[in-house]
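Report on the structure given below.
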Amino acid sequence: MRDVLRLLRLFRPYRNWIAAGVALSVTVVVSNVALLALSGWFIAAMAIAGLGTQMIDTFAPAAAIRGLAISRTGARYLERLVTHEATLRLLSELRVWFYRHLEPLAPARLQAYRGGDLLSRIRADIDSLENFYLRVLAPAVVAAVASVLVVAAIAFVDGKIALIDAGGLFLAGVALPLLALRLGRRPGRRLIEMRAALQSAVADTCRGLGELLIYDAIRRQRAHVVAVGEGMIAEQQRTAWITGMSKALSGLVGQLAMWLALVAVIPLVSQHRLDRPDLAMLALGVLASFEAVAALPAAFYGFGETAAAARRLFEIVDARPAVADPEHGRTPDRFDIAVKGLRMRYADRSPWVIDGATFTVPQGGALGVVGRSGAGKTTLF
């Protein structure tokens, strides 16, 4: 939850875009549910009217169906524009935010990280945070708001059907997503690690191709890259299986809820407590309501991958630079260089590269430094 709160704080400058995207998504879901339910009622009512047993006003429901179809299409188009605009703005800001924290750490605090790993964090891990808004945050908020609205509308017609729908939505929108989250936490973390390892291995191969060819190690490096890639594919297969099973079970729950609603509505229609077209309206309304929670199993599963990527980024962001620049710099009067007892090593337990160097270079002077390769000349510079 700490990582989630930090992500939400990063999203704060774009809260208006996010809220607009959520509102449009809720409009799409509610319009879809109302369109299917009203269409079912209208077709059933027209069929009954064709038997000559009752009269029906066709103008109002036909106009409502057209209005819902237009609102669904328009809201879906605007929702795509708004959510992707928010996502692209967020991703660009996240990269700048991450680089601002990364740059002061170089070079001392980045010695333990491979170049390919840092590249993976600044590209793939930040791209993974896109899932938090598009596939985790927005679907969760939309599901909660739309489910409440749909259940309240059904309860206005019959409370028992509303309870059936609420129970099905809870199973498909809470129980199954939590199960997917538990099953997907480890594969999601492993997928992030394997992806970073693959990108690091590929980057190392490209950068060190000359040395690999000279030492005849290209086959071994190729085998390493292939092994890492196969490990990543295996994790992707696990994630696909979890996502597919979650979607299948969610659909099954929706079908069962619809059948239970039919079983509950038929006696009410037989007792003339509900009109006959209401049977189609309630059954199709219950079935359509599961669109609100259809994305939640995948969203909860994707949260594991997003959380792992966020932790990798926060690991860099929370690191403190080895040397902090002064808040207020000043220009010296002279440019003499005086070094006394300088010591330098690249890690706490590594041998000293420079140990006790002392020299003075006056302004305008020169100092020659000679030594064998690896003696520490570049480090001194």
Side-chain angles (χ1 to χ4, degrees), residues 1-15 18 86-137 181 184-208 224-225 228-229 231-232 235-236 239 301-327 344-350 353 378-379:
M1 290 304 299
R2 189 185 308 115
D3 294 336
V4 172
L5 293 176
R6 293 186 68 177
L7 286 176
L8 290 176
R9 284 195 292 269
L10 291 175
F11 293 174
R12 187 176 300 168
Y14 307 100
R15 57 185 179 272
I18 293 174
T87 300
L88 293 176
R89 286 171 178 261
L90 179 62
L91 289 178
S92 63
E93 179 63 26
L94 283 175
R95 287 197 171 89
V96 175
W97 163 80
F98 181 72
Y99 187 79
R100 284 174 178 167
H101 289 83
L102 176 69
E103 192 270 339
L105 301 178
R109 295 304 302 273
L110 299 182
Q111 294 293 329
Y113 298 97
R114 298 162 67 184
D117 180 55
L118 291 175
L119 180 62
S120 175
R121 295 179 193 236
I122 203 170
R123 288 189 64 254
D125 289 348
I126 290 179
D127 286 343
S128 295
L129 296 188
E130 169 190 352
N131 295 330
F132 182 72
Y133 169 53
L134 281 181
R135 297 181 176 86
V136 178
L137 179 62
L181 175 61
R185 182 180 290 114
R186 184 174 180 181
R189 183 173 62 251
R190 288 284 299 160
L191 181 60
I192 291 292
E193 295 172 354
M194 296 298 293
R195 184 174 62 192
L198 179 62
Q199 292 185 347
S200 297
V202 171
D204 292 343
T205 302
C206 295
R207 186 164 45 244
H224 171 64
V225 173
V228 175
M232 180 177 173
E235 298 299 334
Q236 289 175 331
T239 62
Y301 167 76
F303 178 75
E305 180 180 345
T306 303
R311 288 190 206 100
R312 283 168 48 84
L313 293 175
F314 291 145
E315 178 185 349
I316 298 292
V317 170
D318 293 339
R320 293 184 178 181
V323 178
D325 292 333
E327 295 183 3
M344 165 65 189
R345 59 183 177 183
Y346 285 97
D348 292 340
R349 298 184 178 181
S350 298
V353 180
T378 304
T379 300

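All values derive from a computational prediction rather than experimental measurement. Just so you know, residue 1 is the first one in the sequence shown, and it goes up from there.
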**OP:** Identify whether the distance between the nearest side-chain nitrogen and carboxylate oxygen of Asp318 and Arg311 falls below 4.0 Å.
**Re:** no

Original post:
Does anything in residues 96-110 pair up under salt bridge (charged side-chain N to carboxylate O under 4.0 Å, His left out), and if so which pairs, sequence neighbours excluded?
Top reply: none

Original post:
When rounded to the nearest 0.5 angstrom, what is the spacing between CD1 in Ile18 and CZ in Arg89?
Top reply: 12.0 Å

Original post:
Where do Thr205 and His224 land on the side chain to side chain contact (heavy atoms under 4.5 Å, CB included) test, with the steps shown first?
Top reply: CA-CA 10 Å; Thr205 302; His224 171 64; over 6 Å; no

**OP:** Tell me, please, which residues at least two apart from Glu93 pass salt bridge (Lys or Arg N to Asp or Glu O under 4.0 Å).
**Re:** none

Subject >> Close side-chain approach of Val202 to Val228, heavy-atom, < 4.5 Å >> reply: no

**OP:** Given side chain to side chain contact (heavy atoms under 4.5 Å, CB included), test Leu102 with Leu110 step by step and report yes or no.
**Re:** CA-CA 9 Å; Leu102 176 69; Leu110 299 182; 3.8 Å; yes

Subject >> Approximate separation, where rounding is to 0.5 Å, of Leu94 CG and Thr87 OG1 >> reply: 10.5 Å

Subject >> Interatomic spacing from CG in Leu90 to OH in Tyr133 - rounded to 0.5 Å >> reply: 9.5 Å

**OP:** Check for a donor-acceptor pair, side chain of Arg95 on one end and backbone N or O of Ser92 on the other, with a separation under 3.5 Å.
**Re:** no

Subject >> Non-hydrogen side-chain atoms of His101 and Ile316 separated by less than 4.5 Å >> reply: no

**OP:** Measure the spacing between CD of Gln199 and CE of Met194 and express it to the nearest 0.5 Å.
**Re:** 12.5 Å

Original post:
Atom CZ of Arg195 and atom OG of Ser200: how far apart are they, to the nearest 0.5 Å?
Top reply: 11.5 Å

Original post:
When you check the gap from the basic side-chain N to the acidic O, do Glu315 and Arg312 get nearer than 4.0 Å?
Top reply: no

Original post:
Looking only at heavy atoms, which two atoms of Pro321 and Pro104 are closest? And how far apart?
Top reply: CB-O, 3.5 Å

Original post:
Rounded to the nearest 0.5 Å, how far does CD1 of Ile126 lie from CH2 of Trp97?
Top reply: 7.0 Å

Original post:
Where is the tightest heavy-atom contact between Ala201 and Val225, given as atom of each residue plus distance?
Top reply: CB-CG2, 4.0 Å

